[in-house]
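Data block below; observations after.
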Amino acid sequence: MSTFSTGRKVASFASLILGLVLAIVGLALSITKAGDLILFTIPISGKATPVILGRGTMFICGIILFFVGLYLFPTLKYHRAIINIIFLFPLLFAFAVTVIIPLVLGIGYSFTDWDGIKLTGFVGLSNYLRMFNQKSFLWSILLTFLFVVFNMILVNLVAFLLALLCTSRIKALGFFRAAYFLPNLIGGIVLGYIWQFIFSNVVTKFTGTYSMLSDTKTAFIAVIIVYIWQYAGYIMLIYITGLNTIPGDVLEASAIDGANPTQTLFNIKLPMIAPTITICTFLTLTSAFKQFDVNLALTNGKGSVQFLGEYIANGTEMLALNIYTTAVINNDYALGQAKAVLFFIILAAVSIIQVRISNKKEVEL
Amino acid sequence: MKKKLMSVLLAGAMVASLAACGTTGTTDTTATTSDNTTTETQTTETATTEAAATETATEAAPAGDAGSVRLLNGKPEINDQMQALAAKYNEETGNTLIVETIGGDTNASDELKKMYQADNMPDIFVIEANQAANWDGMLADLAGEEWTDKTGFELVDASMGTIGFPYTVEATALGYNADLLKAAGVDPASLTSPDAWKAACETLDSKKDELGITAVFGWCAEPTNLGWSSGTHVFGQYLDAGLKADDTTYIDLLNDGGKIDEARMKNFAEFIGMMNQYSDPALLIDGTYDNQVAGFKDGKYVFITQGNWCVTSPSDVSFECGFAPYAFEDGINTIIAGPPSYWVAYANGNVDGAKAFFNWCAGDSAQSILVNDAGLVSPFDDCKYEAVNPFYKSMNSYITAGNYSGWHTMLKKDGLQNQTCNIFADYAKGKLDADGFVSTMAQVISSYYAQ
């Protein structure tokens, strides 16, 4: 009557049960801090050496046995679904542990008074209220938006010009491409320190005044310059790919029709790479929002500014750095977490808009 | 069939490797007994593999009562000496000290939070005085230990008792180059009033070429990298200069919602104004710590706004060093001296081991390493080694005369230095005048405390 042998059924149920038991005991030993199970001891050179069944071993063996049991589970109808689950499990597990659980915990922490060590109680929305009452935080939001707008325009402009240069018929093309891309391979912290030296020891030799970094406005410009220098090469590569995909016959046809280079650029090349422009715009947008390392290394957010009638001491501090400073330097982890939740919402909104617009464009093409 | 065999083998290899990963590092929890009668759990408190099996139970107790102690060191520059200290400790007592050093810019308190969350706390770790509250109820009370009789620098907390072991004493004030002062005919002992300072600055400034100096002060108000110097140390002079070590008048006022004494702040501002005026402009606004210290060591600056940590070895300087007070009011004659940070024992860790180590560390052989090799200044009265630090003589004369103030600047709200350092920078750039400095300070501090 059954398509499954008794052996398989027994193997399946036995593995499932044994696996569950082992996993639960292993977890319980860890949670109660009871240590490992000692099965028996063997006297080796006079000392009683224990043979241990580690709680970690128990847990992992338990999980694996459980999946073996699941695989052998006597069903035809759901076999495919079970296989899918088994294959997806490692990825889903890793995703849950590194992304989903921290996200949920983080949102939870933002409603508490957690200081990184102790959690004494829930404070409701007061972290969120405090956050919006901090003029320095409002300044950081404003500054981040400014930074994003400047960068979106400037990085794309510079990158596109570089791409035009690198697709023209100049010599040593490979060298130029590599040279423009290279800054992107250097970490932001290192870049920040290199440019700090350049701004305060080299540029000052020419300008004769004090460093650009010591004044809020010029320091902000400095951060933008360094960021463009770092990121334009990367965006340039994408534009190069875009420009190379323009069919040669279209360009040839326009040349025969008598289009000059400017007309070719604005009427042929730009419309042809519209999807590339969308991608690059959003890439620069999201990465500029998340700007942290250059900001930290170059100015560490310092600089004074008058904002809403108050003297603000974090003139060049953008959102990500503000979150870090709030949590780690000012030792206010819960408030930092609340800010991080807002940051997440902003970025999620931007990403969703990006996906929507990209999809629309693809349909139009 | 072959395929099946292969897959079984592969699966077996995966299970074995996972199991191997699972066993490492899982045996370091404290022991309790399991409910099973035939199996017993392993005692791992001593980090040895000695099992608490019944037949060997008598052997299982560790040799001393101290056992192994883990220490988290926050000073990467003395890591080698700390390792030597651990070796010496093991050699003399048989106990083990494991020193872990938090390097470079990594913040020890931040790292400790991670260790705490990971249930991997060291038995002894470093804290600054204002961090004690974060660890409320988690630090061991060390009152009554032998070493507490030999020092007045231990950290005492209102709720937890004596919690901090002072491992070094650091001092900050205006460090001076005694040879240059002598050449200019300025007596450093006379620098105890704003007028005396002004006169001295004018004299030194007028003899710049003769003395071969760039500027009178090596003072840097750059906020990005040196914010700790202006925002914590120089600001600390406003809180403590002229006060006895246990006088907490201005820090109490500050921590009471961020209030400042405006009259005192005004005097302080004028003194800082004088420092700005007679500083090296190349250093003042966008200098670095390295430039500042190098300039002082080369004899380009007469005064430096750092502490005894900036010149640690006698071979670094060819002149005599000393400290002069920030005398922004008449009669101020103190420097700030004391332990900037402490070693504390984690209450859930090996407290007995930590206590044993502290007592040993206050003794002769440990002090020899810390003072002679690591260049620290001993906080213990019976230490017979004279620190090699070039500032030590001057520092010691202030301490023995009782003319030292506390490091109460470490008790201000976390992160305040990042706010105030910008005001010092703007003052140095001339964006603010003395009155503006005072009013901005008042506004920034009160709004920071209100957050």
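In what follows, every heavy atom counts, from backbone to side chain, and hydrogens, waters and symmetry copies are set aside. Chain A is the first sequence line, chain B the second, and so forth, proteins listed ahead of strands; every chain is numbered from 1.
- For the pair Gln443(B) (side chain) and Glu310(A) (backbone), a donor-acceptor distance under 3.5 Å is absent.
- Residue Asp136(B) touches chain A through both its backbone and its side chain, counting heavy-atom pairs closer than 4.5 Å.
- Side-chain contact between Asn330(A) and Tyr448(B): present, with at least one pair of heavy atoms (C-beta onward) separated by less than 4.5 Å.
- For the residue pair Gln196(A) and Thr224(B), the shortest heavy atom distance occurs at NE2-CG2, 3.9 Å.
- From Ser136(A), atom OG reaches atom CD of Gln451(B) across 5.0 Å, with rounding to the nearest 0.5 Å.
- Note that NZ of Lys413(B) and CG of Asn331(A) are 10.5 Å apart. Values are rounded to the nearest 0.5 Å.
- Looking only at atom types and distance, the side chain of Asp426(B) has a donor-acceptor partner in the side chain of Ser304(A) under 3.5 Å away.
- Considering all non-hydrogen atoms of both residues, Ser200(A) and Asp286(B) come closest at CB-O, 4.3 Å.
- Lys431(B) and Asp215(A) are joined by a salt bridge, as a carboxylate oxygen and a charged side-chain nitrogen come within less than 4.0 angstrom of each other.
- Contact record, Asn422(B) with Tyr311(A): O-OH, 3.2 Å, taken as the closest heavy-atom pair.
- In this structure a side-chain-to-backbone donor-acceptor pair under 3.5 Å is present from Lys302(A) to Pro223(B).
- Between the CE atom in Met115(B) and the CD1 atom in Ile117(A) there is a gap of 13.0 Å [rounded to 0.5 Å].
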